[in-house]
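Heads up: the structure comes next, in structure tokens.
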Amino acid sequence: MSDQKTGPNHVAIIMDGNGRWAVQKGRPRLFGHQAGARRVREIVEACPDLGVRYVSIFAFSTENWKRTQTEVAGLMALFRRYIAKEMQEFMRQGVRVRFIGDRIKLDRKLRELMDEVEELTKANTLTDLTIALNYGGRDEVARASRRMARDVALGKIDPETVDETTLARYLDTCFLPDPDLVIRTSGEARISNFLLWQSAYAEYEFIDTLWPDFTPEIFQGLIEQYAGRSRRFGAVSA
Ligand code: FPP
């Protein structure tokens, strides 16, 4: 395999630090999430110039339900407003939007908006934005295994033929290439159950900047840094 010297095709981002950013300013946590949502727009808009075709963002995890009811309700309202407001912006920017995660627990209005934006933007080809909502990597693998097991029980697949490619087809991300670069903001060096299976060979960048302070310039710096590295996928250098 040849060394990779170009920029990442797929960047996955764990947008952490909204709460701390707001608290530092003496404001409620939701104020930080609102500022975070504005950053999402700027980062998505920057992707084509940086050669990034796929960008995936962690908006709400299967563990985030443990937050206070006020914060959860505020985040859900923010997602509804964000999707409704950005719909035309996605069309203007040629962004195709898709969601990963378990939709069952999300409220009906939000699910309808998710379906609507996926349908509206499905022919866009400039940037692919994947939003993880009620997403957890282990939950995704468990749900995929359940669906695959059903197909085994129905005789649609022979269990002896099941390999990595078979399972990958049942994942929420079946339409996505694996991430090349995973970025986490706010100084925590964890991946918190985000794209566990898919990030097996990704490069990681953990940076101290809180998500609402994450500018397109910082993003560009990380992309350039990535392009300067060599990825060998377990093989030796050419
Ligand atoms: C982590 O910060 C952030 C989240 C749990 C939510 C991410 C949501 C946004 C960036 C809002 C907009 C997203 C979309 C798709 C519109 P935190 O609350 O864990 O921060 P903390 O670690 O400082 O408490």
Side-chain angles (χ1 to χ4, degrees), residues 11-47 54-90 93 95-103 105-107 109-118 120-121 127-137 139 172 182-195 205-216 218-219:
V11 180
I13 309 179
I14 303 172
M15 311 177 288
D16 198 10
N18 296 341
R20 271 164 287 166
W21 184 88
V23 169
Q24 280 172 11
K25 294 184 158 38
R27 305 293 300 265
R29 292 174 57 83
L30 271 167
F31 181 71
H33 295 314
Q34 284 156 3
R38 288 193 290 276
R39 282 297 178 202
V40 172
R41 173 194 276 214
E42 289 177 42
I43 296 306
V44 171
E45 193 162 20
C47 283
Y54 297 90
V55 61
S56 301
I57 56 174
F58 205 3
F60 195 87
S61 78
T62 46
E63 288 73 37
N64 285 152
W65 298 104
K66 294 180 199 143
R67 296 190 174 203
T68 63
Q69 209 258 328
T70 312
E71 184 168 352
V72 170
L75 274 167
M76 294 299 152
L78 176 62
F79 298 144
R80 288 193 298 268
R81 277 201 313 276
Y82 172 81
I83 297 170
K85 202 169 118 225
E86 294 298 289
M87 212 113 25
Q88 290 315 318
E89 191 61 24
F90 292 137
Q93 291 180 24
V95 179
R96 178 171 191 179
V97 183
R98 279 173 285 196
F99 296 89
I100 55 171
D102 191 356
R103 301 184 188 205
K105 262 183 104 174
L106 302 172
D107 72 66
K109 180 67 196 157
L110 178 55
R111 290 204 315 255
E112 281 171 8
L113 282 161
M114 290 159 71
D115 292 342
E116 196 184 329
V117 72
E118 283 184 333
L120 180 74
T121 63
T127 306
D128 274 86
L129 169 64
T130 302
I131 304 178
L133 257 185
N134 193 27
Y135 175 88
D139 178 68
D172 295 349
V182 179
I183 298 170
R184 182 175 187 141
T185 58
S186 98
E188 313 283 355
R190 294 190 289 269
I191 62 167
S192 300
N193 215 0
F194 190 42
L195 300 176
E205 282 290 352
F206 298 104
I207 62 160
D208 287 338
T209 312
L210 303 176
W211 175 254
D213 291 329
F214 187 81
T215 59
I218 299 174
F219 188 42

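Whatever order the structure lists them in is the order used to number ligands and atoms, beginning at 1. These values consider heavy atoms only, across backbone and side chains, with no hydrogens, waters or symmetry-generated copies.
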Report task. Decide if atom CZ of Arg103 counts as having more than 12 heavy atoms of other residues, nucleotides or ligands within a radius under 6.0 Å. Result ->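 Yes, because the 6.0 Å sphere around CZ of Arg103 holds more than 12 heavy atoms from other groups.
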Requested in this report: Determine whether any heavy atom of Ser186 lies closer than 4.0 Å to an atom of ligand 1.
Outcome: no
Query raised in the report: Heavy-atom contact under 4.0 Å between Arg29 and ligand 1?
Result: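 Per 4.0 Å heavy-atom rule, Arg29 contacts ligand 1.
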Validation: residues 73-87 side-chain donor-acceptor distances under 3.5 Å, sequence neighbours left out:
from: Arg80; atom 1: NH1; to: Asp107; atom 2: OD2; distance (Å): 2.7
from: Glu86; atom 1: OE1; to: Arg41; atom 2: NE; distance (Å): 3.1
from: Glu86; atom 1: OE2; to: Arg41; atom 2: NE; distance (Å): 3.4
from: Glu86; atom 1: OE2; to: Arg41; atom 2: NH2; distance (Å): 2.9

[X] (side chain) donor-acceptor with [Y] (main chain) under 3.5 angstrom:
| X | Y | answer |
| --- | --- | --- |
| Ser61 | Gly136 | no |
| Arg67 | Val72 | no |
| Arg111 | Leu106 | yes |
| Arg29 | Ala22 | no |
| Asn134 | Gly101 | no |

Query raised in the report: Using 30° and 60° as the class limits, which term best fits the ring planes of Phe60 and Trp65: parallel, tilted or perpendicular?
Result: perpendicular
**Report entry** Parallel, tilted or perpendicular: rings of Trp21 and Phe31 (30°, 60°)
**Finding:**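 Phe31 vs Trp21 ring planes: parallel.
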What's the shortest distance from [atom] to any protein heavy atom, and which residue and atom give it?
| atom | result |
| --- | --- |
| atom 9 (C) of ligand 1 | Asn18 ND2, 3.5 Å |
| atom 3 (C) of ligand 1 | Met15 O, 3.2 Å |
| atom 11 (C) of ligand 1 | His33 O, 3.5 Å |
| atom 20 (O) of ligand 1 | Gly19 N, 3.0 Å |
| atom 6 (C) of ligand 1 | Ala59 O, 3.2 Å |

Query raised in the report: Looking at CG of Leu129 and OG of Ser56, how far apart are the two atoms once the value is rounded to the nearest 0.5 Å?
Result: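 It is 7.5 Å, given to the nearest 0.5 Å.
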Query raised in the report: Should one rank Phe214, Phe79, Trp21, Phe60 by closest heavy-atom distance to atom 14 (C) of ligand 1, which comes out on top?
Result: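 When every heavy atom of Phe214, Phe79, Trp21, Phe60 is considered, Phe79 comes closest to atom 14 (C) of ligand 1.
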Query raised in the report: If you measure from atom 17 (P) of ligand 1 to every heavy atom of Leu30, Ile131, Ile14, Asp16, which option wins on shortest distance?
Result: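 Of the listed residues, Asp16 has the closest heavy atom.
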Suppose I only count heavy atoms of [X] and a 4.0 Å limit; which atoms of ligand 1 are within that range?
| X | value |
| --- | --- |
| Asn64 | 5 (C) |
| Tyr82 | 16 (C) |
| Ala37 | 12 (C), 16 (C) |

**Report entry** Part of Leu210 with heavy atoms under 4.0 Å of ligand 1, whether side chain, backbone, both or neither
**Finding:**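 Looking at Leu210 and ligand 1, no heavy atom falls under 4.0 Å.
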Query - Within reach of ligand 1, part of Arg67 (heavy-atom separation under 4.0 Å) - result: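 Side chain only.
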Query raised in the report: Gly17 to ligand 1: N or O pair under 3.5 Å?
Result: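 Yes, Gly17 has an N/O under 3.5 Å of an N/O on ligand 1.
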